[in-house]
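Take a look at the structure below.
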Protein chains: 2
Amino acid sequence: MVMEEQKSLSFTLDPKSGVPYYKQVILQVEMAIADGRLTTGDQLPTVRSLAVDLKINPNTISRAYREMEIRGIVNTQQGTGTFISEKEIEISAVEREKILASLVRDFVIKANSYGIDMDQVIDYLQEMRDNEPLKA
Amino acid sequence: MVMEEQKSLSFTLDPKSGVPYYKQVILQVEMAIADGRLTTGDQLPTVRSLAVDLKINPNTISRAYREMEIRGIVNTQQGTGTFISEKEIEISAVEREKILASLVRDFVIKANSYGIDMDQVIDYLQEMRDNEPLKA
DNA sequence: TATATTGTACTAAGGTATTAGTACAATATA
DNA sequence: TATATTGTACTAATACCTTAGTACAATATA
């Protein structure tokens, strides 16, 4: 068994946010991937250790990891651990297009309801991309 | 009292979708605004009439309208009705920027978790804007 | 003022989501 | 094989979400 890199990420929970714990965990992993702190092959904290750290039940961590596994973000193996996946080869271009379409649709409707139009959104995204790329 | 335009929109509900009724109503109003079927000053169906049409409780419609009022999408007055707001003058540029930032952040994280990067997103949005603008 | 029309407050029922308790199962490794 | 380490299944408690029932309140208008 190859020893994968076990990075020390600091997870935190906000009980008052209204966001479920398992979703907060997922979000933090996603953000760590997005900004490069986590990458392919990295090991996440074990279910038990993270549960102890965060003082919550192991099943709650397990649920977060399971959801990410379903989404293809991580791979889990009992007895071994949970690791960031090889980059989602399993999503076809067509499927990705569909997902993107639905994400964009929701997003545009929301933005629109705040009086923000597509030009603004596009400008914003371009600036964002040019100034501080999210992907490592 | 000026008689505002009362357009005939056809609302529908899908009980099997898992999306709450009040959210379905909000979504349909938002989409109607986005594609121009509804615009500033238009009156929405009354709470009661829409409740009868959709065969649900008036409070459910009321909740949808109240949420939209909080978001600044509509203005409600008892005895008079519910109308599409004058274009959100109440949102400052700074506030709008903040909202946009948080919307974009959520969106990018989601897209990223599906392996979709910003360039793809921007391309997609640009095509969308150029081909079939959402705003009338 | 009287009446119709509009939205609202308060409450409760039912369902769903979230989390924890407890015991278990799969894998790695000495 | 024995033991430690990893994740999991099943259940139940609690909280929250959604909707409806009922009665009410504010406004418009005859």
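Computed from heavy atoms alone, side chains included, the values below leave out hydrogens, waters and symmetry copies. Since the structure is predicted, the reported quantities are computational estimates derived from the model, not experimental observations.
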Can you tell me if A/N59 touches the phosphate of C/dT19, counting only side-chain N or O atoms and a distance under 4.0 Å to OP1 or OP2?
no
A/L50 atom CG is separated from D/dT8 atom P, nearest whole Å, by 14 Å
Counterpart base for D/dA15, defined by Watson-Crick or G-U wobble contacts under 3.5 Å
C/dT16
Hey, which sits more toward the 5' end of DNA chain C by its nearest nucleotide, A/P20 or A/Q78?
A/P20
Using whole Å, what does the distance between atom P of nucleotide D/dT5 and atom CD1 of A/I61 come to?
19 Å
After noting the C-alpha distance and the side-chain angles of A/V29 and A/L38, does the key distance pass the side chain to side chain contact (heavy atoms under 4.5 Å, CB included) rule?
CA-CA 8 Å; A/V29 172; A/L38 282 178; 4.2 Å; yes
Whole-Å distance separating the NZ atom of A/K16 from the P atom of D/dA15:
18 Å
What is the distance, to the nearest angstrom, from the CG atom on B/N75 to the P atom on D/dT27?
14 Å
Roughly how far, to the nearest 0.5 Å, is CG of A/N75 from OG1 of A/T80?
11.5 Å
Measure CD/A/Q24 against C1'/C/dT19 and give the value in whole Å, please.
13 Å
Search all heavy atoms of B/D42 against all heavy atoms of B/T39 and return the closest pair with its distance.
OD2-N, 2.7 Å
Expressed in angstrom and rounded to an integer, what is the separation of A/R66 atom CZ from D/dA9 atom P?
6 Å
Is B/I56 touching bases, backbone alone, or none of the nucleic acid, heavy atoms closer than 4.0 Å?
sugar-phosphate
Residues B/Q24 and B/S17: side-chain donor-acceptor under 3.5 angstrom:
yes
Kindly say whether, by distance alone, the side chain of A/R48 makes a donor-acceptor pair under 3.5 Å with the base of D/dG7?
yes
Tell me the interatomic distance from A/Y65, atom OH, to C/dT18, atom P, rounded to whole angstroms.
18 Å
Whether B/S62 contacts C/dG7 is assessed here as follows: a side-chain N or O lying under 4.0 Å from the phosphate OP1 or OP2. Is that the case?
no
Strictly below 4.0 Å: does B/T80 bring a side-chain N or O up to OP1 or OP2 of D/dA28?
yes
Answer yes or no: does a side-chain N or O of B/Y22 lie under 4.0 Å from OP1 or OP2 of D/dT18?
yes
Using Watson-Crick or G-U wobble geometry with both distances under 3.5 Å, which nucleotide pairs with D/dA28?
C/dT3
With a 4.0 Å cutoff (strictly under), does any side-chain N or O of B/K23 reach OP1 or OP2 of D/dT18?
yes
In Watson-Crick or G-U wobble terms, both distances under 3.5 Å, what is the partner of C/dG21?
D/dC10
Can you tell me if B/N57 touches the phosphate of D/dG21, counting only side-chain N or O atoms and a distance under 4.0 Å to OP1 or OP2?
yes
Quick one: is B/T60 getting a side-chain N or O under 4.0 Å of the D/dA20 phosphate, OP1 or OP2?
yes
Interatomic distance where CZ belongs to A/R63 and P belongs to C/dA20 [whole Å]:
12 Å
Assess whether a salt bridge exists between A/R71 and A/E30, defined as any Lys/Arg side-chain N lying under 4.0 Å from an Asp/Glu carboxylate O.
yes
N/O (side chain, B/T76) to phosphate O (OP1/OP2, C/dT6) under 4.0 Å
no
Minimum heavy-atom distance between B/G72 and B/S85, given as atom pair plus value:
O-OG, 3.0 Å
When you match B/E67 and A/E69 each to their closest nucleotide on DNA chain D, which lands nearer the 5' end?
A/E69
